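One structure below.
Fair warning: this is a prediction, and the values are worked out from it, not measured in the lab.
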Amino acid sequence: MKDLTFATLIAVWEEMFGAGVFWAMVLVAAAITALYVHVLIRDRKMSMRKFLLAQLSMPVGAVAAVWFVLAITSSSLADMGGPIDVLVLLGIAGVGAVGFAILVYVVQSLMRGPERE
């Protein structure tokens, strides 16, 4: 592989997760992003109370993301071979934490509605 292109990355992710699971993850991420933008436009501000609760949920998202990737790829922590594996795992945990925090914020905002001042 000489060049790293976006098409190459998509092909690798489809191979890792399977085409169905990969595109389902893309659709879920797009839906959550659209709902997040909707909530921000509707409320015209971020609620710091909801944001704090979303941040407190971040470790759950990090662990869930790492567990999901290890389960879907039939790997374990014993299969990690070097520093790059640790960095990739930390990146997965970071993305999972942020994504889960956004999901928690959106769910809170849709269930409770905008906060009153």
Point to revise | Q108 and L103: CA distance, side-chain angles, deciding distance, side chain to side chain contact (heavy atoms under 4.5 Å, CB included) verdict | key: CA-CA 9 Å; Q108 288 181 89; L103 175 64; over 6 Å; no
Review point. Below 4.5 Å, heavy atoms only, C-beta onward: do F68 and V21 meet side chain to side chain?
Key: yes
Exercise for review: State plainly whether one hydrophobic cluster holds both V66 and M80, where clusters connect Ile, Leu, Val, Met, Phe, Trp and Tyr through side-chain heavy atoms under 4.5 angstrom apart.
Suggested key: yes
Check your understanding: Are V86 and V88 co-members of a hydrophobic cluster defined by side-chain heavy atoms under 4.5 Å apart?
Key -> yes
Revision key, fill the gap. Nearest heavy-atom approach of A65 to G96 is CB-CA, 3.6 Å
**Study point:** Hphob cluster co-occupancy, M111 + Y36, side-chain heavy atoms under 4.5 angstrom
**Key:** yes
Review point. Would you call M46 and Y105 a side-chain contact if the rule is heavy atoms closer than 4.5 Å?
Key: yes
Point to revise | L89 to L77 - nearest heavy-atom pair and separation | key: CD2-CD2, 3.6 Å
Exercise for review: Show your working on side chain to side chain contact (heavy atoms under 4.5 Å, CB included) between D3 and T8 and close with a plain yes or no.
Suggested key: CA-CA 8 Å; D3 298 325; T8 304; over 6 Å; no
Exercise for review: Give a yes or no answer on whether the side chain of R42 reaches the backbone of S109 with a donor-acceptor pair at less than 3.5 Å.
Suggested key: yes
**Study point:** same_hphob_cluster(M16, V95) at 4.5 Å side-chain heavy-atom cutoff
**Key:** no
Review point. Looking at V98, V104, V63, which hits side chain to side chain contact (heavy atoms under 4.5 Å, CB included) with M58?
Key: V98
Exercise for review: Using side-chain hydrogen bond (donor to acceptor under 3.5 Å, both in side chains) as the criterion, list what pairs up with E14, not counting sequence neighbours.
Suggested key: W23
Review point. Side chains of L70 and S76: does their closest heavy-atom pair fall under 4.5 Å?
Key: no
Check your understanding: What are the two closest heavy atoms between A101 and A54, and how far apart are they?
Key -> O-CB, 3.3 Å
Review point. Looking only at heavy atoms, which two atoms of V106 and I32 are closest? And how far apart?
Key: CG2-O, 4.2 Å
Review point. Between CG of L40 and OG of S47, what distance do you get to the nearest 0.5 Å?
Key: 11.0 Å
Review point. For I10 and F22, what are the C-alpha separation, side-chain angles and deciding distance, and is it a side chain to side chain contact (heavy atoms under 4.5 Å, CB included)?
Key: CA-CA 9 Å; I10 289 177; F22 171 72; 4.1 Å; yes
Point to revise | Set of side-chain hydrogen bond (donor to acceptor under 3.5 Å, both in side chains) partners for S75, sequence neighbours left out | key: T73
Point to revise | Joint cluster assignment, M25 & F6, ILVMFWY side-chain distance < 4.5 Å | key: yes
Check your understanding: Out of curiosity, Q55 CD to K50 NZ, how far, rounded to the nearest 0.5 Å?
Key -> 15.0 Å
